[in-house]
Trainee: 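Once you've had a glance at the structure underneath, I'll fire off some questions.
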Amino acid sequence: MDVKARQERPGGAVVALASDHAGVEACLALAAALREAGHEVLHLGPAKPDPVDYPDFAARVARAVASGQAACGVLICGTGIGMGMAANRFRGVRAAVAHDEYTARMSREHNDANVLCLGSRVVPAARVAEIVRLWLATPFLGGRHAGRVAKIDACHEPEAGKGA
Ligand code: RB5
């Protein structure tokens, strides 16, 4: 989704961010970097590194994206894995765990990911903002990928995948 496409959706170009305690420092730094770069940021917590449960914060961002309050979101925990598992339970959310520029870019081009999950213990702190900026600027390629993404979204249905 490029910036123009995001602006045409409810939630405009708003990027929702959240983390758990393992990702709080990286998430606050990311919020500052995105604001500095001109993005509208909705930071959904936490503000301090006290222990919290990552599904609670994944749910905040997933709900913001699913409702259109935000166009997309970024979640940071220790690995990105738990955030991704939780966020993908929400209809309309396609959360991708990425480890680098390549996986972040592919999650947009092929999978139309609308939530990016990063691991603060996996991705070097100095690369987080750059990976997220690349992810935000990368459009979905559509074409042959569009039908596959539609099938991801249809996975909530009990008959999903039976005809394959
Ligand atoms: C917290 O220790 C850790 O489990 C969490 O940040 C995340 O990596 C879970 O997937």
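Read the numbers this way: they start at 1 and go in the same order the structure lists the ligands and their atoms.
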Trainee: Does any pair with a residue in residues 150-160 pass side chain to side chain donor-acceptor pair (under 3.5 Å), and if so which ones, sequence neighbours excluded?
Mentor: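 Found R91-E157, R94-D153.
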Trainee: Could you work out, with side-chain contact (heavy atoms from CB on, under 4.5 Å) as the rule, every residue matching A160, not counting sequence neighbours?
Mentor: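 Once residues adjacent in sequence are excluded, A160 has no partner under the side-chain contact (heavy atoms from CB on, under 4.5 Å) criterion.
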Trainee: Under 4.0 Å between a Lys/Arg side-chain N and an Asp/Glu carboxylate O for R105 and E109?
Mentor: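 Yes, charged N to carboxylate O under 4.0 Å.
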Trainee: Would you be so kind as to tabulate the donor-acceptor pairs closer than 3.5 Å made by side chains of residues 42-57, with sequence neighbours excluded?
Mentor:
none

Trainee: Give a yes or no on whether a salt bridge exists between R35 and E40, defined as a side-chain N under 4.0 angstrom from a carboxylate O.
Mentor: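 Not counted as a salt bridge, because no side-chain N and carboxylate O are separated by less than 4.0 Å.
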Trainee: Salt-bridge test for R133 and E130: reply yes if a basic N is under 4.0 Å from a carboxylate O, no otherwise.
Mentor: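 Salt bridge: yes.
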Trainee: Give every pair formed by an N or O atom of ligand 1 and a protein N or O atom closer than 3.5 Å, one pair per line with both atom names and the distance to 0.1 Å, or write none.
Mentor:
| unit_1 | atom_1 | unit_2 | atom_2 | d |
| --- | --- | --- | --- | --- |
| ligand 1 | 6 (O) | D20 | OD2 | 2.6 |
| ligand 1 | 6 (O) | G78 | N | 2.7 |
| ligand 1 | 8 (O) | G78 | N | 3.2 |
| ligand 1 | 8 (O) | T79 | N | 3.0 |
| ligand 1 | 8 (O) | T79 | OG1 | 3.2 |
| ligand 1 | 10 (O) | T79 | OG1 | 3.4 |
| ligand 1 | 10 (O) | G82 | N | 2.9 |

